[in-house]
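Written out below as structure tokens is the structure these notes cover.
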Amino acid sequence: MTRIATWNVNSIKAHLASTLAWVKTEKPDVLLLQEIKCLDDGFPRMEFEDLGYNVETVGQKTYNGVAVLSRYPMTVERRALPGAANEDEPARYIEALIEVPGETKKSRRHVLRAASIYLPNGNPSGSEKFAYKLAWMTRLIDRAKALLKEEEILVLGGDYNVCPTDGDVYDPEGWRDDALCRPESRARYRELLHLGYTDAIAARHPEPGNYTFWDYQAGAWSKDHGLRIDHLVLSPQAVDRLADCGIDKRPRGKEKPSDHVPVWCILEI
DNA sequence: ATGTCGCGTGAAACGCGA
């Protein structure tokens, strides 16, 4: 069994202690991080290596930044989404091949591909930022389409900044014009899934109100004013092996939390 | 409650992004 989780940590330095505490108890085999908000050299690499993880980052000063942590050997396949308009793009994508050991001496090792995705927020709707979000989603769809042909166990996990349905937001009317809920954003997310991918939480826990993010403002957490915007998107070969998945809301209630919580799945590998 | 964070700048309080 292989445990995979995604978590927007909202600065790995500011939330290092709580991230390490969660990793120690939950022991994910693969952890996809977003918004590390530091350069590669600034990532607290040794703290995770001491816990047995290999660490690969695509960092950036102040904003964004993604990482893949893996207990198994890993090679980085992409440090950016193909098709960038210019060279210095925000750090929002990293994709790795992970070698999961077989359970017996006879069984072959399994290759797992995993990407950590921090999709642009896109607010305000109708702005240049919104156009950039939609263009970025089109590039992600292109990448997902190409990867489908590999027929691999693939997890595209991350902060998608897309709330897929009205059941995934506490106040659909109030959020109607937000870039996270706009029909254009939702249509592209569906387009990604319709290639043949599965949103793990939507498939296994389709009831409304399974949020992954609560704003720091206005007592959103205490009022459960949340949104589901962090997703584990699985290839057909990954879904075949999906044993369980869930959202771990506990870290949001602790001291000095990230505004997002981990989303996890267990694959039979 | 117009209600919060984290970061960088630069030395305190502000602008930005979310």
Side-chain angles (χ1 to χ4, degrees), chain A residues 6-22 32-45 47 57-67 80-81 86 88-94 116-137 140 157-164 168-172 174-182 184-186 188-189 211-231 247 249-263:
Chain A
T6 180
W7 196 0
N8 179 326
V9 291
N10 185 22
S11 171
I12 192 61
K13 288 178 185 172
H15 299 125
L16 180 60
S18 51
T19 303
L20 288 171
W22 189 83
L32 309 171
L33 299 177
Q34 300 88 39
E35 280 206 271
I36 60 175
K37 290 188 175 178
C38 61
L39 294 165
D40 293 334
D41 287 346
F43 191 90
R45 159 181 301 272
E47 283 83 344
T57 60
V58 172
Q60 180 184 333
K61 196 178 176 185
T62 314
Y63 303 119
N64 311 316
V66 288
L81 204 50
N86 52 356
D88 41 287
E89 257 214 323
R92 296 182 173 277
Y93 188 86
I94 182 171
S116 180
I117 292 167
Y118 181 45
L119 212 144
N121 176 297
N123 273 306
S125 294
S127 67
E128 274 186 25
K129 287 180 179 179
F130 189 58
Y132 181 73
K133 174 183 195 159
L134 299 181
W136 205 95
M137 293 189 80
L140 178 61
D159 176 358
Y160 278 71
N161 270 314
V162 175
C163 177
D168 297 312
V169 52
Y170 70 98
D171 177 13
W175 283 73
R176 172 168 293 193
D177 291 325
D178 191 279
L180 280 57
C181 297
R182 288 282 299 176
E184 298 93 326
S185 309
R186 288 177 170 175
R188 273 173 180 73
Y189 187 68
Y211 307 136
T212 65
F213 162 85
W214 296 259
D215 200 283
Y216 289 122
Q217 296 189 67
W221 167 248
S222 58
K223 290 186 255 185
D224 196 26
H225 286 179
L227 294 90
R228 189 174 75 89
I229 54 176
D230 301 270
H231 309 303
I247 301 165
K249 292 163 68 164
R250 293 171 299 175
R252 188 65 179 81
K254 300 197 168 162
E255 283 294 303
K256 211 172 164 263
S258 168
D259 41 3
H260 297 249
V261 295
V263 183

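First the proteins, then the strands, lettered A, B, ... as listed; each starts at 1. Note that this is a predicted model, so its numbers are computed, not measured.
Cation-pi geometry between Arg92(A) and Tyr118(A) is satisfied (NZ or CZ under 6.0 Å from the ring centre, within 45° of the ring normal).
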Could you list, one pair per line, each protein nitrogen or oxygen that sits under 3.5 Å from a nitrogen or oxygen of nucleotides 7-15 of chain B, together with the distance?
unit_1 : atom_1 : unit_2   : atom_2 : d
dC7(B) : OP1    : Ser11(A) : OG     : 2.4

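Inspection of the Ser258(A) and Asn10(A) side chains reveals no N or O donor paired with an N or O acceptor under 3.5 Å. In summary, the side chains of Ser11(A) and Glu35(A) do not present any donor paired with an acceptor at a separation below 3.5 Å, with no hydrogens or angles considered. A donor-acceptor contact under 3.5 angstrom links the side chains of Thr57(A) and Asp40(A), judged on distance only. Defined by atom type and a distance below 3.5 Å, a donor-acceptor pair is present between the side-chain atoms of Trp175(A) and Tyr170(A). Judged by distance alone, the side chains of Trp214(A) and Asp224(A) do bring a donor and an acceptor atom under 3.5 Å apart.
Positionally, the nearest nucleotide of DNA chain B for Lys256(A) lies more toward the 5' end than for the other of Lys256(A) and Asn64(A).
Applying the ring-ring contact (aromatic ring centres under 6.0 Å, His included) rule to His15(A) yields no partners; only residues at least two apart in sequence or on another chain are considered.
Between Asn121(A) atom CG and dC16(B) atom P the separation is 16 Å, expressed in whole Å. Here dA18(B) presents its P atom at 18 Å from OH of Tyr160(A), a figure rounded to the nearest Å. Trp221(A) places its CH2 atom 17 Å from the C1' atom of dC5(B), with the value rounded to the nearest Å. The nearest whole Å value for the distance from the NZ atom in Lys129(A) to the C1' atom in dC16(B) is 8 Å. Going from atom CD of Glu35(A) over to atom C1' of dA18(B) covers 7 Å, rounded to whole Å. Note: OH (Tyr216(A)) to C1' (dC5(B)) measures 6 Å, nearest angstrom. Here the P atom of nucleotide dC5(B) and the CG atom of Asp215(A) are 10 Å apart, to the nearest Å. Computed from coordinates, the Gln60(A) CD to dA18(B) P distance equals 10 Å when rounded to whole Å.
Here the separation of dG10(B) from dC16(B), taken at their P atoms, is 15 Å to the nearest Å. Taking the P atoms as reference points, dG3(B) lies 24 Å from dG8(B), given to the whole Å. Separation of the P atoms belonging to dG6(B) and dT2(B) is 22 Å when rounded to the nearest angstrom.
Taking 4.0 angstrom as the limit, His15(A) places a side-chain polar atom (N or O) nearer than this to OP1 or OP2 of dG6(B).
Within the nucleic acid shown, Phe213(A) has no heavy atom closer than 4.0 Å to any nucleic acid atom.
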